[in-house]
Amino acid sequence: IETSRQSELQLGSTIQQQLLFRGVPAGIDGVDAVVLAQPSKAINGDFYDIHAHSRQCVDIALADVMGSGIPAALLGAAAKIELIQTVAELTQGAATLPTPREIVKGYHKAMSPRLFAIERFITFCYTRIDLVRGVASIVNCGHLPPLLYRARTGKCEPVTCEQMPLGFASLVEYEQVTIPIEPGDILLQCSDGVTETLSPEGEFYGFERLEQFLLAHHHLHSDGILDALNEELHQFCNGDNQHIDDRTCLIFRIGEINEQSPNLLATTSEPDNLPEIRSFVESRILDLFGGEAVRDLLPEILLATDEAIVN
């Protein structure tokens, strides 16, 4: 019976890895990115999603579902499907790209009633890296804060925005934090399975150690940082890989931003390039004139852009 159970768990883990834990999408310019997903009990209760709106604009979602094992994995799968549907509904046919705050608002509206019904919650962090504008926009719902290494100063800082997890309350207005990013900066996002790795003496690895780790390894490529973190956690827990919680970690090293003039876009008038062109036109107009000044005109401008490319 136990052998059969372990076989089913392994099969479930394989299905989860293949269908739910996609790697980093190809074709993202200016970002060196890697992902780690290690379940504590064969099947992972954490989930992540990486969605590229264009070659220079990518959204990253990271969530930690309450609990672990099969129940958490089932909830995580349902929650990820709901997230993908929410993003699709908000972006399809939209004149402008919805902000992370708008996406989280829609996701909270769809997901929280279901979480209330089963008395569960999800910590959730939604980040957009926009290399055209040189900013990262973050909405954090009770999750560990992203850790940012700034190449200009050589310092690490958590991007704090303390808000409640999804499933805690229905009347919540989640706020968005937007920060500048530059070449050489590193954004590290992880679940608490990383910081709550236990030593043989019962001590947590902790967020401060994670900050010191990133300071010591910022010179490496993203995959080198991830390998070094894996090794450090292995040594910290003295080789005991039966960690108490799922571990998920995403590392994004920012490369060159706006190598060309910010007012120029090198592309071709192919229909496949339309999302990138729309994103570029929208960001340039908003940067030059501000959101309120052009809010009513922007849909018409983007429609004219569509017609110019298609025709």
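Since we're looking at a predicted model, the values are computed, not measured.
Leu90 and Glu102 get closest at one heavy-atom pair: CD1-O, 3.7 Å. Closest heavy-atom contact between Leu131 and Asp29: CD1-O, 2.7 Å. Closest approach of Ile225 to His217, counting heavy atoms only: CG1-O, 3.4 Å. Here the closest non-hydrogen pair linking Val139 and Pro100 is CG2-C, 3.8 Å. Across all their heavy atoms, Thr123 and Gly142 have their closest contact at CG2-O, 3.3 Å. Taking each heavy atom of Thr248 and Tyr48 in turn, the nearest pair found is CG2-CD2, 4.1 Å.
Shown here are the salt bridge (Lys or Arg N to Asp or Glu O under 4.0 Å) partners of Glu173, two or more places apart in sequence or in another chain: Arg101. Under the salt bridge (Lys or Arg N to Asp or Glu O under 4.0 Å) criterion, Glu157 pairs with Arg150, not counting sequence neighbours.
For the pair Gln163 and Val172, the minimum side-chain heavy-atom distance is 4.5 Å or more. When side chains are defined from C-beta on, Leu229 counts as touching Tyr205, because their heavy atoms get closer than 4.5 Å. Between Val132 and Cys57 the shortest side-chain heavy-atom distance does not fall below 4.5 Å. Contact check for Leu210 versus Leu188: side-chain heavy atoms found under the 4.5 Å cut-off. By the 4.5 Å heavy-atom criterion applied to side chains, Val159 and Pro145 are not counted as neighbours. In this structure, Ile181 and Leu187 have side chains that are not in contact, with every pair of non-hydrogen atoms separated by 4.5 Å or more. The closest side-chain heavy-atom distance from Leu75 to Ile118 is below 4.5 Å. Residues Phe213 and Leu147 fail the side-chain proximity criterion, which asks for heavy atoms closer than 4.5 Å.
Without hydrogens or angle criteria, Thr197 side chain to Gly193 main chain gives a donor-acceptor distance under 3.5 Å. The closest donor-acceptor contact from the side chain of Asp185 to the backbone of Ile254 lies at 3.5 Å or more, if one exists at all. Looking only at distances, no side-chain donor or acceptor of Asp64 sits under 3.5 Å from a matching main-chain atom of Asp46.
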If you apply the rule side chain to side chain donor-acceptor pair (under 3.5 Å), what do you find for Glu89 with Gln85, and how did you get there?
CA-CA 6 Å; Glu89 289 170 1; Gln85 290 177 340; over 6 Å; no
Hey, mind stepping through Thr86 and Met111 against side-chain contact (heavy atoms from CB on, under 4.5 Å) and telling me if it holds?
CA-CA 10 Å; Thr86 298; Met111 197 68 205; over 6 Å; no
Under the criterion side-chain contact (heavy atoms from CB on, under 4.5 Å), I'd like the reasoning laid out for Val35 against Ile50: C-alpha separation, chi angles, the key distance, then a yes or no.
CA-CA 10 Å; Val35 178; Ile50 304 172; 3.8 Å; yes
CA sep, side-chain torsions, deciding dist, call: Ile138, Cys161, side-chain contact (heavy atoms from CB on, under 4.5 Å):
CA-CA 8 Å; Ile138 300 166; Cys161 182; 6.0 Å; no
Stepwise, does the side-chain contact (heavy atoms from CB on, under 4.5 Å) test hold for Asn140 with Cys125?
CA-CA 4 Å; Asn140 194 339; Cys125 188; 4.2 Å; yes
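By the 30° and 60° cut-offs, the orientation of the rings of Tyr107 relative to Phe124 is tilted.
Screening residues 110-123 for salt bridge (Lys or Arg N to Asp or Glu O under 4.0 Å) gives Glu82-Arg114 as the qualifying pairs, with residues at least two apart or on separate chains. Evaluation of the ring-ring contact (aromatic ring centres under 6.0 Å, His included) test over residues 125-146, restricted to residues two or more places apart or in two chains, returns none. Under the ring-ring contact (aromatic ring centres under 6.0 Å, His included) criterion, the residue pairs touching residues 170-197 are His108-Tyr174, with sequence neighbours excluded. Every pair passing salt bridge (Lys or Arg N to Asp or Glu O under 4.0 Å) that includes a residue from residues 205-216 is listed here, sequence neighbours excluded: Glu203-Arg209.
The distance from atom CG of Leu215 to atom CD1 of Ile186, rounded to the nearest 0.5 Å, is 9.5 Å.
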